[in-house]
Amino acid sequence: MDRERIVIADKRHVWHPYTPMDEYMERAMPLVVGRADRSRFFDADGRSYIDGNASWWTSVLGHNHPRLMKALCDQARSFCHVPLAGMTHQPAAELAQELVGVAPSGLEHVFFVDNGSTAVEVALKQSVQFWVQNGQPRKTGFVALEGAFHGETLGATAVSGVDVFRRPFEKVLPRCEHVPFPGEDCDQAIQALRNLLSREAFELAALVVEPVLQGAGGMRVYDPRFLSAARTLCHEHDVLLIFDEVFTGYGRTGPMWAAEHAGVCPDILCTAKGLSGGLLPFGATLTNQRIFDGFRGDSERALYYGHTFCGNPLGAAVALEVLRIYREEQILERAKSKARRIGEAFAKLGELPSVQSSRSLGMLGALDLKGGSGYLERAGARVCSEALRRGAYLRPLGNVVYIAPALNIDDSDLDELLAILTACVSAVS
Ligand SMILES: *Cc1c(COP(=O)(O)O)cnc(C)c1O
């Protein structure tokens, strides 16, 4: 199919994610990707674009890393998929062992899933079932932060706090209490959590947070002190602590896990996105010994949960290779100078007249354009369409414009990305 026919078929039949479809069908001129390499896509017409958000935060090592392609092809030649029920295979077993080795210490058991939302869904179900069968059946509610994003299934939607994503489902969601985002007044957020847990811990199963950095909620950073306090409070009140590291894991914020900023270990940790280097849908939920032990004993105590493609051998083989590359190519160490460049550029961007505020953390830089806040604001979209015209792919979150490139993006591509962004933000103001 040529480019034009692809777009015709697309507009006739593809329902796009997060997309008002009227506007899309009338006006959008979508990029038609024909090929991708390192930190660039190539449109079917041959033009190249820098992938400014690592393809929705997944492609942490860039596109088509030769070692990942080889791991994928080698595994595909032996077998592509078998279930993880009553059998196992080397990629899953070895990956579980390696993940436990790199995870915050104390997480010992790995439940495989196939994306970030299901990694969170498992964590929520594990929490509820854990209490139901260990003497505290009333502990079924959740606590999360205002503005959180934890995925798209109903459980994950319940603990998320982005209003437009939640609103239509409000009446069918499990119970979740949201405490204030700790970004502006960390002590107030800690106090709110303390009050809530003192009052209602007997009905609360778990607190779930994106540690240090909220992603889809607007790239908002908060003080790791909140996490240390949350760890202590959760211990005191016997509420489980879940870290959703689907976005923050794999060095996005600097260290391998954002949990490391606070030096605390959750009871349950969710990972996906970077886990498989963006090649395949894959995810995992890691738990400590206590949670695992809560499911042992009689057969009715088991976790009767699983996804058809959980532990998929292709994904597991690639995920293993991702970890080896992180080690052998010293990805985190070498990202430090890139993170500094991002930090410097966003400090300068913060001074532009159209910019309300800017921030950076590790391999993430974000700014709020002046105007309203909220996911449906439009100024971010104008900056991003200007960026596309100049050769960079970005997606706004309302009036928040951010970059989250591959951790190993070439310095020259990173500089070009930052220059394009600066030009676009200036042009739109
Ligand atoms: C993307 C994301 C999810 C959902 O992951 P999917 O693979 O899109 O289902 C969950 N939590 C966080 C923090 C995310 O960024």
Side-chain angles (χ1 to χ4, degrees), residues 16-19 53-60 111-127 142 144-162 164-166 169 173 176 178 181 183 206-222 227 241-253 256-259 261 266 268-286 307-312 315 318-319 322 361-364 366 375 395-398 400 402-405 407:
H16 286 263
Y18 295 105
T19 303
N53 64 25
S55 285
W56 267 356
W57 326 338
T58 61
S59 165
V60 287
F111 195 94
F112 288 116
V113 290
D114 45 14
N115 61 65
S117 304
T118 54
V120 171
E121 202 71 23
V122 175
L124 301 178
K125 285 199 168 179
Q126 284 172 334
S127 306
F142 300 107
L145 292 179
E146 284 173 1
F149 178 80
H150 295 292
E152 306 294 15
T153 52
L154 282 178
T157 300
V159 291
S160 294
V162 181
V164 276
F165 302 168
R166 265 182 82 87
F169 312 106
L173 297 177
C176 181
H178 286 88
F181 177 72
L207 164 67
V208 51
V209 295
E210 296 156 272
V212 183
L213 168 65
Q214 285 188 335
M219 298 296 162
R220 303 197 298 171
V221 177
Y222 63 89
L227 300 174
L241 180 60
I242 303 169
F243 281 0
D244 175 355
E245 295 244 18
V246 170
F247 173 46
T248 54
Y250 283 78
R252 176 58 60 194
T253 70
M256 184 68 176
W257 309 102
H261 289 289
I268 306 179
L269 182 147
C270 309
T271 176
K273 291 200 168 113
L275 168 65
S276 59
L279 268 70
L280 290 157
F282 203 80
T285 305
L286 283 66
H307 291 276
T308 307
F309 284 101
C310 66
N312 172 261
V318 170
V322 168
L361 180 67
M363 290 298 283
L364 170 93
Y375 187 78
R395 286 274 302 184
L397 293 161
V400 177
Y402 69 92
I403 65 163
L407 272 68

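What you are looking at is a predicted structure, and each value in this text was computed from that prediction instead of being measured. Starting from 1, each residue takes its place in the sequence as its number. We count ligands from 1, going down the list as the structure has it; atoms in each ligand are counted the same way.
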- Message: Counting non-hydrogen protein atoms only, what is the nearest one to atom 8 (O) of ligand 1? Give residue, atom name and distance.
- Response: Ser117 OG, 4.4 Å
- Message: Quick check on Trp57 - does any of its heavy atoms sit under 4.0 Å from an atom of ligand 1?
- Response: yes
- Query: If you measure from atom 13 (C) of ligand 1 to every heavy atom of Val208, Thr58, Thr118, Asp244, which option wins on shortest distance?
  - Reply: Asp244
- Task: Would you mind reporting whether Tyr250 and Thr271 have side-chain heavy atoms less than 4.5 Å apart?
- Result: yes
- Using non-hydrogen atoms of the residue, decide whether Lys273 is closer than 4.0 angstrom to ligand 1. yes
- Backbone of Ser117 reached by a side-chain donor or acceptor of Glu152 within 3.5 Å: no
- Under 3.5 Å, is there a donor-acceptor pair between the side chain of Thr19 and the main chain of Pro17? yes
- Message: Is it the case that ligand 1 has an N or O less than 3.5 angstrom from some N or O of Val246?
- Response: no
- Taking only non-hydrogen atoms of Phe247 and a 4.0 Å limit, the atoms of ligand 1 in range are 15 (O)
- Task: Check for a donor-acceptor pair, side chain of Ser55 on one end and backbone N or O of Ser59 on the other, with a separation under 3.5 Å.
- Result: no
- Task: Report yes if some N/O of Asn115 lies less than 3.5 Å from some N/O of ligand 1; otherwise report no.
- Result: yes
- May I ask you to test the Met219-Phe247 pair for a side-chain heavy-atom distance under 4.5 Å? yes
- Item | N/O separation below 3.5 Å, Glu210 to ligand 1 | no
- For atom 5 (O) of ligand 1, what is the nearest protein heavy atom, given as residue, atom name and distance? Gly116 CA, 3.1 Å
- Query: With a cut-off of 4.0 Å, which atoms of ligand 1 are near a heavy atom of His150?
  - Reply: 10 (C), 11 (N)
